J.: 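Handing you this structure, nothing more for now.
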Amino acid sequence: METQTVHELPKNLDPKSIEEKWYPKWENEKYFTPKEGKTGKSYCIIMPPPNVTGMLHTGHALDLSIQDMIIRFKRLKGFKTLYLPGMDHAGIATQAKVEELIYKTEKKTKHDLGREEFLRRTWKWKEEYGGVIAKQSRYLGISCDWDYFIFTMDEESNEAVRTAFCNLYNEGLIYQSDYIINWDPILQSAISDAEVEHKEVKGAFYHILYPVKDSNLKLEVATTRPETMFGDTAVAVNPKDKRFKHLIGKKVVLPLANKEIPIIADEHVDIEMGTGCLKVTPGHDFNDFEIGKRHNLEIVNILNKDGTLNEHGLEWQGLKCTKARPKVIERLEQLGLFVKKIDHTHQVGHSQRSEAMVEPMVSKQWFLNVQEMSQVAMNYIKNDETRFYPKGWENTFFAWLREPKNWCISRQLWWGHQIPVFYCNKCNHRWASQNKEKTCPKCKSDNIFQDPDVLDTWFSSGLWPITTLGWPNLDRMKKRNFDEFFPTSTLVTGFDIIFFWVARMMMMVPKFTNQHPFEKIYIHAIVTDKLGRKVSKSLGNGIDPIEMIDTYGADALRFAIASGSGYNRNLNLDPERIEGYRNFMNKIWNAFRFIHPFLHNANSGLPALNKLDSHEKWIISELNQVTQKMNESMEEFRFDDASGAIYQFVYDKFCSWFIELSKSILYGEDETKKNQRATILKYCFRKICALLHPITPFVTEEFWAYLKSDNEDLLIVQDYPEYDESLLFVNEQENMNKLIEVITSIRNIRISLNVKPKDMIKINLFSDDDHIIHYFKENEICFADLAKVETITYGKKADKKPTKAIMNATTHTEIFVPLEGVVDLAAHISKLEKELDKTKKEFDQNNNKLSNPNFVDHAPEEVLNKVKEKAAALKEKIDSLFENLKVFK
RNA sequence: GGGCGUUUAGCUCAGCUGGGAGAGCGCUACCCUUACAAGGUAGAUGUCAGAGGUUCGAUCCCUCUAACGCCCACCA
């Protein structure tokens, strides 16, 4: 009657139907809402807000899955958990996208529309197309509380940004300055240092002559950018350079521009480098800017906002630098002032966003002074109040904060948080305000305007851990349980944004809370392809997580992510691996399919321990150990270890042995035994579900529906299994391991003899270990079920052995399979000899140690005993093989 | 130029504070066996990049070399 019920469940797991069933249930019935747990403690993870423009890619899938594994684990552990989702307005990316769209459809630029209309369109775009990720990420099963969802440009976020800005402004930490910044000529905006990527570019040194005034001398300068000479305001030499000492203080005539500029002395100039003469262009070079400041040089800006030469570029006005360069050189050549060109590759800054070559340019920008904040941030790490996992990443963190440059926070964009600084046209008053100002507080004039720039996106991101929890509005903070969830528990992110984001939060949040934003920072790997290359659009080597979920299921994808996430920096998410774990999910599915028909026989909970048989004790003990391992690993963010441990337990212990060992009982007649075994299987499966749930939530919740009792809630809010010392059965584990060893050995012989799977065989077991013989006798049914052994004869090792037989030896037992008819003795002997050789080698390794007095004297007792035991066991095996080989020969 | 990281089975990688060289996939042989062929059973595979050092003992610690990768940096 049992066998029919098997067909109630489909033979293969269908992830989709399960995913579609459980996610809406969890979400609609508010299982993601923070609830009081048995620990009375809270645990909070803030989701790094994905870009509003973004589509879910593998990087997100990794990030979100890991966060969810942690939050689900903590929920099961009895914490009041909050996983708080959000979305980022992504200033540049979004603006660029909308600009492109408008240009494509209407052939209009944002200037044609004007700021207000452009922003209206951007919001419209956001409502229609933005935030796809929020929908997509649900497919992953992430258990964030969507009621907490917040967008970086929501009114709540705006308030936080304005408040933060005004506080920093009033404290004098935000200042406006003419400073040399990285200018992106395509975006036509300043960008921060962190947004500049240095790429190798093939260029050249151009050697040019600058005539010295009132002299026949000409100074030879070397430059990679001759077209910037229009902005030169000095030529610098090293004060110690004897060649030029006498010229310091004189003037040169700048060719083409025919302008007189001084020859100055500055330590920065490297005597060895180039010609020893440096043309100084304070307006368009970071070093020259510093030199200019030291010598009070004039700053000449020779570029327009789009990177073309302005009126200082004379007849080349309107040309891009790269276009103007050869023309300038041509003219200098005509004047006899060009010496030579030497090919040279060098690093040139490029904008991370637009990929344009960055132009250093002097302009009026807003800066945040981070000198003190960075020290505070570093101290939290140094004092271990916030800890990096893996610890090594704190070096990267420190590298950035040790000598931080002040942060250029203004952007010449429209989409973003407009800088809350106002100017009065009448009295020139300038002030910051959290409100939309209408009149000047000083002169009451209404002739005022707001600074047109917006803030760097990372400014709002830097406040994210507190913005999301309602800061600075007290009512909102209360509603969002600020006090309970702040400081947040763990930040989960990739190492590529340690500078951009982690450092900024660590600097800004303490400024307003006097607290560190997180207890722990787990830095996970970056997804790479099979060949170890970072996945990127340009390589086209990305894997679409949605496609993976469609094909293999979210659980399989999550398990693949877990199995590759520990303290590593790369994660290879090859679809083949995901397929492998899909197969594992199917394996569990089928294990459940096997158990399912017997569930009605099962009681809940464990029977009295003294009633358990040895196999039951064994599996419970193994389960207990894997429980311990899972707890430790999850706590330390070693998802690779955790998933490996449960995989091995389920596959190699539970399915391969315990289920197999249970068949004869379940299909047998003894109702008491049957009920007990069903009970144990159910017990194990319930634990497996709970252990696995943080990694594979869908399939485990599905099983739970069958396993739970009527008064129990969903698995998502059950208890995570805990290690229990009383459930450790060392003897049973040892015995079972020996049984497994002997049965495997018998199967090995069967295959080597080509015995048909169904044919029964007779065997002899010889051992001097009475305990193990006794155990085997008790377990003869196992030999019959798992190795098709019909009769076993026992004996001591010294007993007479069958003459015509094939044998194997373990360290404790000799296994003989007597044969009728012809035996290929030669092959058997050679196999045994090989085995003997191998064992001898292993024995020697251990024995050599024991005969080395230095080892015996120095090694700790534990190690010594281990080696002794090992050697003794191997010796037994060698004797067995050796003695019996003699007989066969 | 500075810093960090990587180099372990054909592939992708794990090996924590030195003391048995491992996993998954792939591969080989045999099996549609009664939960599972997305499966079962049994198996093969490594000068742990190279050289030197410390140690009773090194994949693990130290030095050097090589290859690769990443980050930072103003070298005109």
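This is a predicted model, so every value here is computed, not measured. Throughout, protein chains are lettered first and strands after them, A, B, ... in sequence-line order, and every chain is numbered starting at 1.
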J.: Have a look at A:R750 and say if it touches a base, only the backbone sugar-phosphate, or nothing, with a 4.0 Å heavy-atom cut-off.
T.: nothing

J.: When we call it a touch if two heavy atoms are under 4.0 Å apart, what does A:N12 touch: a base, just sugar-phosphate, or nothing?
T.: base

J.: Determine the contact category for A:V269: base if any of its heavy atoms lies under 4.0 Å from a base atom, sugar-phosphate if only primed atoms, P, OP1 or OP2 are that close, otherwise nothing.
T.: base

J.: With sugar-phosphate meaning primed atoms plus P, OP1 and OP2, does A:F584 contact a base, only sugar-phosphate, or nothing at under 4.0 Å between heavy atoms?
T.: nothing

J.: If you compare every side-chain N and O of A:N570 against the phosphate oxygens of B:G69 (OP1, OP2), does one of them come in below 4.0 Å?
T.: no

J.: How long is the line joining CG of A:D652 and C1' of B:A23, in whole Å?
T.: 10 Å

J.: For A:N568 and for A:F499, locate the closest nucleotide of RNA chain B by heavy-atom distance; then report the residue assigned to the nucleotide nearer the 5' terminus.
T.: A:N568

J.: With a non-hydrogen cut-off below 4.0 angstrom, is A:S752 in contact with a base, only sugar-phosphate, or nothing?
T.: nothing

J.: Ignoring backbone atoms, establish whether A:H344 has a side-chain N or O less than 4.0 Å from OP1 or OP2 of B:A76.
T.: yes

J.: Rounded to whole Å, please give me the gap between CE in A:M760 and C1' in B:U33.
T.: 13 Å

J.: Which atoms form the tightest heavy-atom contact between A:V269 and A:G276, and what is the distance?
T.: CG1-O, 3.5 Å

J.: Rounded to whole angstroms, how far apart are CZ on A:F685 and P on B:A35?
T.: 15 Å

J.: Is the phosphate of B:G43, meaning OP1 or OP2, less than 4.0 Å from a side-chain N or O of A:N748?
T.: yes

J.: Would you say a side-chain N or O of A:K663 is under 4.0 Å from OP1 or OP2 of B:A35?
T.: yes

J.: Centres of the A:Y706 and A:F592 rings: under 6.0 Å?
T.: yes

J.: Search all heavy atoms of A:R677 against all heavy atoms of A:S662 and return the closest pair with its distance.
T.: NH1-OG, 3.0 Å

J.: Is any N or O donor-acceptor pair between the side chain of A:K11 and the base of B:C36 shorter than 3.5 Å?
T.: no

J.: Nearest nucleotide by nearest heavy atom, which residue falls closer to the 5' end of RNA chain B, A:R577 or A:E842?
T.: A:R577

J.: Tell me whether the side-chain N/O atoms of A:Y651 come closer than 4.0 Å to OP1 or OP2 in B:G40.
T.: yes

J.: Before accepting this row, confirm whether a basic side-chain N of the pair A:K866/A:E869 lies closer than 4.0 Å to the acidic partner's carboxylate O.
T.: no

J.: Which part of the nucleic acid, if any, lies within contact of A:E869, taking any heavy atom under 4.0 Å across all strands shown: a base, the sugar-phosphate backbone alone, or nothing?
T.: nothing

J.: Which distance, rounded to the nearest 0.5 Å, do you find between the CD1 of A:I526 and the CG of A:N568?
T.: 11.0 Å

J.: At under 4.0 Å between heavy atoms, what does A:A591 touch on the DNA or RNA strands: base, sugar-phosphate, or nothing?
T.: base

J.: Stem list for RNA chain B, please, built from Watson-Crick and G-U wobble pairs under 3.5 Å and keeping only runs of at least 3.
T.: B:1-7 with B:66-72, B:10-13 with B:22-25, B:27-31 with B:39-43, B:49-53 with B:61-65

J.: Take atom P in B:C25 and the same atom in B:G40, then report the distance between them in whole Å.
T.: 10 Å

J.: Quick check on contacts: within residues 282-295 of chain A, what sits under 4.0 Å from RNA chain B by heavy-atom distance?
T.: A:N287

J.: Rounded to the nearest 0.5 Å, what separates atom CG in A:D641 from atom OG in A:S565?
T.: 11.5 Å

J.: Does A:N852 reach a base, just sugar-phosphate, or nothing at all? Heavy atoms under 4.0 Å.
T.: sugar-phosphate

J.: Identify whether any heavy atom of A:P860 sits under 4.0 Å from a base atom; if not, whether one sits that close to sugar-phosphate; answer base, sugar-phosphate or nothing.
T.: base

J.: Quick one: A:E660 CD to B:A42 C1', roughly how many Å, whole number?
T.: 15 Å

J.: So what does A:K279 hit on the nucleic acid, given a heavy-atom distance under 4.0 Å: a base, only sugar-phosphate, or nothing?
T.: nothing

J.: Check whether the side chain of A:R747 and the base of B:A42 form a donor-acceptor pair under 3.5 Å.
T.: no

J.: Just the atom pairs and distances: protein N or O near nucleotides 27-30 of chain B's N or O, under 3.5 Å.
T.:
none

J.: Under 4.0 Å: is that the gap between some side-chain N or O of A:Y567 and OP1 or OP2 of B:C13?
T.: no

J.: With a 4.0 Å cut-off on heavy atoms, is A:F592 in touch with a base, just the backbone sugar-phosphate, or nothing at all?
T.: nothing

J.: Give the intermediate values and the outcome of ring pair (Phe, Tyr, Trp, His ring centres under 6.0 Å) for residues A:Y567 and A:F637.
T.: CA-CA 8 Å; A:Y567 294 168; A:F637 311 112; 7.9 Å; no

